[in-house]
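Here's the structure we're looking at; comments come further down.
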Amino acid sequence: MDSGVAGMTSVEIIVFKPQHLDDVRALWEFTEGIGVRDNETDERILVFLERNPGMSFVAISGSKLIGSVLCGHDGRRGYFHHLAVNPDYRRYGIAELMFDASMAALAADDIVRINVVAFSDNELARGFWTGVDCVERNDLSVYSRDV
Ligand SMILES: CC(C)(COP(=O)(O)OP(=O)(O)OC[C@H]1O[C@@H](n2cnc3c(N)ncnc32)[C@H](O)[C@@H]1OP(=O)(O)O)[C@@H](O)C(=O)NCCC(=O)NCCS
């Protein structure tokens, strides 16, 4: 896939492979709005990628990793995690390209609906998710605990 973004080395959207993990972690570290928990070890991320092959993507410009998304499903619903684009490359449609690639992979597995959890004060997340036609649900609560 090629974005053809004007004024920028063309951006490739490719499947997130284990060898991208270090660069993705570096992106997460300086991306506000991404809450990476201590228990999200490399091993756990690799398990996620293995369980959901071809659904998570990275964006590459030249040799630089500038975006990533984790996507998977449980057989019923699709889920997105840790969507991030380097601040220098935002509002060029790069997140949407990764999202579209993941949505195509979900559709190929007959998944018909997705859910996304974001911090409620994350305006970038709100702008993006509503910008790609997701409806913000105010009638639901998210419940979490450790196993
Ligand atoms: C959210 C994020 C990934 C969006 O990346 P991006 O590449 O800039 O997004 P895109 O350019 O693909 O945006 C696609 C559409 O989403 C909407 N959108 C994206 N960012 C927006 C913003 N800041 N405000 C309003 N709408 C926005 C727009 O409709 C946009 O289309 P348009 O530019 O033609 O109007 C990026 O801002 C980011 O990394 N934020 C920090 C991490 C984060 O909060 N991630 C979400 C976790 S749930």
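In each ligand, atom 1 is the first atom listed, and ligand 1 is the first ligand listed. All residue numbers in this chain count up from 1 along the given sequence.
Distances shorter than 4.0 angstrom do not occur between any heavy atom of Val132 and any atom of ligand 1. The closest approach between any non-hydrogen atom of Phe80 and ligand 1 is not below 4.0 Å.
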Salt bridge (Lys or Arg N to Asp or Glu O under 4.0 Å) evaluation trace for Arg137 with Asp139 = CA-CA 5 Å; Arg137 299 286 298 263; Asp139 56 333; 2.9 Å; yes
Side chain to side chain donor-acceptor pair (under 3.5 Å) evaluation trace for Asn52 with His73 = CA-CA 7 Å; Asn52 298 282; His73 70 78; 5.3 Å; no
Go through the steps to decide whether Arg76 and Asp110 satisfy the test salt bridge (Lys or Arg N to Asp or Glu O under 4.0 Å), and finish with yes or no.
-> CA-CA 9 Å; Arg76 179 173 176 273; Asp110 294 327; over 6 Å; no
Stepwise salt bridge (Lys or Arg N to Asp or Glu O under 4.0 Å) check, Arg126 with Asp121 = CA-CA 8 Å; Arg126 178 172 287 109; Asp121 63 353; over 6 Å; no
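At the shortest separation from atom 44 (O) of ligand 1 among protein heavy atoms lies Asn122 ND2, 2.7 Å. When hydrogens are left out, the protein atom nearest atom 46 (C) of ligand 1 is Leu83 O, 3.5 Å; that is the closest non-hydrogen contact. Nearest protein heavy-atom contact of atom 13 (O) of ligand 1 is Phe128 CD1, 3.7 Å. Atom 11 (O) of ligand 1 has its closest protein heavy atom at Gly93 N, 2.8 Å. Summary of contacts: the protein heavy atom closest to atom 23 (N) of ligand 1 is Leu124 CD2, 3.3 Å. Of all protein heavy atoms, the one closest to atom 39 (O) of ligand 1 is Val85 N, 2.9 Å. Looking only at protein heavy atoms, the nearest one to atom 41 (C) of ligand 1 is Glu32 O, 3.3 Å. Closest to atom 7 (O) of ligand 1, if we only count protein heavy atoms, is Ala95 N, 3.0 Å.
Contact atoms of ligand 1 toward Thr31: 41 (C), 42 (C) (distance under 4.0 Å to a heavy atom of the residue). Residue-ligand proximity, Ala84 to ligand 1, at heavy-atom distances under 4.0 Å covers atoms 39 (O). When each atom of ligand 1 is checked for a heavy atom of Ala118 under 4.0 Å away, the hits are 48 (S). Atoms of ligand 1 found under 4.0 Å from any heavy atom of Trp129, numbered from 1 in the order shown, are 48 (S).
For Arg51, the side-chain contact (heavy atoms from CB on, under 4.5 Å) criterion is met by Val47, not counting sequence neighbours.
Applying the ring-ring contact (aromatic ring centres under 6.0 Å, His included) test to every pair with at least one member in residues 16-52, sequence neighbours left out, gives these pairs: Trp28-His82, Phe48-His81.
Within the set His82, His81, Glu123, Arg91, the minimum heavy-atom distance to atom 24 (N) of ligand 1 is found for Arg91. Between the choices Arg90, Arg126, Glu96, the shortest heavy-atom distance to atom 12 (O) of ligand 1 belongs to Glu96.
Residue Phe80 is grouped with residue Val132 when hydrophobic side chains (ILVMFWY) are merged at heavy-atom distances under 4.5 angstrom, including chains of intermediate members.
Between Glu32 and Leu124, the closest side-chain pair of non-hydrogen atoms falls below 4.5 Å. With a 4.5 Å cut-off on side-chain heavy atoms, Tyr79 and Asp74 count as touching.
Heavy-atom neighbours of Arg25 CZ from other residues, nucleotides or ligands within 6.0 Å: above the threshold of 12.
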